[in-house]
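In the text below, chain A, chain B and the rest are named by the order of the sequence lines, each starting its count at 1. What you see is a predicted model; the values in this text were computed from it and never measured. No hydrogens, no waters, no symmetry mates; every other heavy atom, side chains included, goes into these values.
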Protein chains: 2
Amino acid sequence: MSATIKSVAEHAGVSIKTVSRVINNEGTVKPDTLARVQAAIDLLNYKPNKAARDLAGRDNYVLGYVYDNPNAYYIIDMQKGILNECRANGYELLIHPCDASSHDIIQEILGMVDSARLAGLILSPPLSEMPEVLSSLDEKGVRYVRILSGSEALESGQPCVLVNDFQAAYQITEHLIQQGHRDIGFIAGEKQHNSTIERQKGFAAALAAHGLPQHPEFVIEGTYSFGTGVTSIETLLSLPKKPTAVFACNDEIAAGALFGARMRGVDVPQTLAIAGFENSPFSRQTFPPLTTASQPTDKIAQRATSTLIQSLKARKLGNDKQAIPAQVFVPELVVRESTKRS
Amino acid sequence: MSATIKSVAEHAGVSIKTVSRVINNEGTVKPDTLARVQAAIDLLNYKPNKAARDLAGRDNYVLGYVYDNPNAYYIIDMQKGILNECRANGYELLIHPCDASSHDIIQEILGMVDSARLAGLILSPPLSEMPEVLSSLDEKGVRYVRILSGSEALESGQPCVLVNDFQAAYQITEHLIQQGHRDIGFIAGEKQHNSTIERQKGFAAALAAHGLPQHPEFVIEGTYSFGTGVTSIETLLSLPKKPTAVFACNDEIAAGALFGARMRGVDVPQTLAIAGFENSPFSRQTFPPLTTASQPTDKIAQRATSTLIQSLKARKLGNDKQAIPAQVFVPELVVRESTKRS
DNA sequence: CAGAAGAATGACAACGCTGTCATTTGACTC
DNA sequence: GAGTCAAATGACAGCGTTGTCATTCTTCTG
């Protein structure tokens, strides 16, 4: 049926091993041999058989993306970014949605890594921030890259990509302050997401920097959901002293807050300003559109994937020590109507 | 490292071939041998190596989901449904987003099928409705299952799952009529999606059935996007005779229409009723929430996958003739505030 | 220009499984 | 109890690649 390494070798008049060297870029092939082999590959439209590769080689060419996140847009963007990088490097992607709060989540992940012989894992929050998960993976020698909230270089030099939620939250809060708001509410997501913690810290830091008081009753804890937005805004607007602006931990909460405000007949942004976080497509589609922070999720995912692949290569070549620098992404402030005072 | 078929065989005191028979459910193993082997498998926590299986066997255990659809919620639900079924049957899933309008889309799909040695493909609209794609796949002998809009059994007996958009659209339209609307606008999505055609037919049929006139100027063509909703509603509301209700071909358009109406200060649902289609999560989150039709996307996906797997098994066993009956799903009307007249 | 050292290439086993076909086992017949 | 036949099991090759190690070709040295 399709070409094999053998047919390519015959065509090029070399041994299969040499063809193998060419397709693996081992670099120890003479230029003209390489050209001959490459020509044969192109001619026959040869594609290495993944199964055989996986079987024969020590490592294989499948990465896994394990996630527990209800945000469809986030996941899709992640997948897009990961896939781009995977394709560019001849890797495949296995996706594995799961429930991070399940009691045997670790077994589940380990099981899939094992049965699919994954070369490595891409972890996004909250999984990337669960110590039990990470240590189990370390113990089993499973390679992974983490996407997580933070900005400090990790001591370990582990492969990771950071998102500086603190700074972005700081900027959003500052934007609200500059609009003249002094009483600003904060609606948090799940506290097991580091991003929530960081965003809240950024929020608090901005208030402090501008000499504004912290009102504990203005901070509501919830989940990254529309429903949280709806109920939280009710709570906030029922306070004797109401905030004039609200910073919601993500767009979904913000959309819920907007919905809740409208239910009560509160005008946004005139009476109440609302800001979200994430720049989900629908943050543009609410009425009014939401001020938010734009996170290049697909770029982050791509970067994470390339980091993982690099670390995989490094291990293969034995120079396992060489740490790969973590890249830090800072979400950008996007100002829209939901916070614009006329 | 992990257990192999050989270690299991030794443990159970049988040959590797017998173990192979057990894990493949070939049914020609004596009950007590089977029990011994099964015990060894459990004991060693043996998982067959997929790469070896794929390499040795004629067919392999990876399905592909190829899609071109900007709707993140749809894709996520599809993936969820497919994965459920895959896991239950020991298959893996490879996802492949693509651009259906690309000129070499066929080559791209064929290439990935080839290089990943896919056992079969799951196709959703618009790819599942592109004759060129289907015929190329047929020609190459690639197995696939289609998810598409329609209701008639396909002559060919090909594996497929149908969604009866016609009937659902009919119901939505009828609902609007029952609310007293006589002048109803229709905003269409891409016409290369069969769903658009079917929904429009259902719309027209309902009008006809209730003796209402068709107003060509009330039908706007666009894409399945928020933007289409925004601009279309402007067009409709600028007509000398305006519709009092609008049926948008999906929720995203409907959300855009709602946005557009609000921009013009038009009250929904009092002055204008708006209905969508799909029951996307955000159809619940607009203000007011959208009347829509609920499509059990994950169930549809799951059914499609099981159909594909069945057909794969049938081919393996040689009884390729036996056609698998196509299941038809009818989206259900979900009435919310966007069409409720007080 | 012989010899050494390194670069380039090749031969061949191994990876873990399934397919094919041969062999053994067991049940049933007369 | 020998003979028959089907059911159960096993031996072994082969899937397409990579890893290991041996071999050959180059280039450089003195």
What integer distance in Å separates [X]:[atom1] from [N]:[atom2]?
{"X": "B:N24", "N": "C:dG16", "atom1": "CG", "atom2": "C1'", "result": "13 Å"}
{"X": "A:Y61", "N": "D:dT18", "atom1": "OH", "atom2": "P", "result": "7 Å"}
{"X": "B:E10", "N": "C:dC17", "atom1": "CD", "atom2": "P", "result": "12 Å"}
{"X": "A:E26", "N": "D:dT17", "atom1": "CD", "atom2": "P", "result": "14 Å"}
{"X": "B:K6", "N": "D:dC12", "atom1": "NZ", "atom2": "P", "result": "13 Å"}
{"X": "B:I23", "N": "C:dG16", "atom1": "CD1", "atom2": "P", "result": "13 Å"}
{"X": "A:L55", "N": "D:dG14", "atom1": "CG", "atom2": "P", "result": "17 Å"}
{"X": "A:K50", "N": "D:dG16", "atom1": "NZ", "atom2": "C1'", "result": "12 Å"}

Which residues pass the side-chain contact (heavy atoms from CB on, under 4.5 Å) test with A:E10, not counting sequence neighbours?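 With sequence neighbours excluded, A:E10 shows a side-chain contact (heavy atoms from CB on, under 4.5 Å) to A:K6, given in chain and number order.
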A:L137: which residues meet the side-chain contact (heavy atoms from CB on, under 4.5 Å) condition with it, sequence neighbours left out?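 Residues passing side-chain contact (heavy atoms from CB on, under 4.5 Å) with A:L137: A:I109, A:L110, A:L121, A:L123, A:V133, A:V142, A:Y144.
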Give a yes/no answer on whether the side chain of [X] brings an N or O atom under 4.0 Å of OP1 or OP2 in [N].
{"X": "B:Y46", "N": "C:dC17", "answer": "yes"}
{"X": "A:N49", "N": "D:dC15", "answer": "no"}
{"X": "B:T4", "N": "C:dG16", "answer": "no"}

Using five pairs at each end of the helix from C:dC1-D:dG30 to C:dC30-D:dG1 to define an axis, what is the angle between those two axes, to 10°?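 Comparing the first five pairs with the last five, the axes sit 40° apart.
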Taking all atoms of both residues into account, what is the closest heavy-atom pair of A:L148 and A:S128, and its distance?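 Taking every non-hydrogen atom into account, CD2-O, 3.8 Å.
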Which atom pair, heavy atoms only, marks the closest approach of B:V328 to B:G150?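 B:V328 and B:G150 have their closest heavy atoms at CG1-O, 4.3 Å.
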Within 45 degrees of the axis of the six-membered ring of A:Y61 and under 6.0 Å from its centre: does A:R53 put its NZ or CZ there?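 Judged by the rule (NZ or CZ under 6.0 Å from the ring centre, within 45° of its axis), A:R53 counts as positioned above A:Y61.
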Results of side-chain hydrogen bond (donor to acceptor under 3.5 Å, both in side chains) for B:D99 - residues two or more places apart only: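 Expected list: B:S101.
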Under the rule for side-chain hydrogen bond (donor to acceptor under 3.5 Å, both in side chains), what residues qualify as partners of B:N71, not counting sequence neighbours?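 B:N71 satisfies side-chain hydrogen bond (donor to acceptor under 3.5 Å, both in side chains) with B:E278 only.
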Taking only N/O atoms, report every protein-nucleotides 5-10 of chain C pair under 3.5 Å with atom names and distance.
unit_1: C:dT9; atom_1: OP1; unit_2: A:T33; atom_2: OG1; d: 2.4
unit_1: C:dT9; atom_1: OP2; unit_2: A:K30; atom_2: N; d: 2.9
unit_1: C:dG10; atom_1: OP2; unit_2: A:S15; atom_2: N; d: 2.8
unit_1: C:dG10; atom_1: OP2; unit_2: A:S15; atom_2: OG; d: 3.1
unit_1: C:dG10; atom_1: OP2; unit_2: A:T18; atom_2: OG1; d: 2.6
unit_1: C:dG10; atom_1: N7; unit_2: A:R21; atom_2: NH1; d: 3.2
unit_1: C:dG10; atom_1: O6; unit_2: A:R21; atom_2: NH2; d: 2.7

Ring-plane angle category for B:Y73 and A:Y73, please: parallel below 30°, perpendicular beyond 60°, tilted otherwise.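 Perpendicular: the ring planes of B:Y73 and A:Y73 meet at over 60°.
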Got a second to check how far B:Q158's CD is from B:S311's OG, nearest 0.5 Å?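 These two atoms lie 10.0 Å from each other.
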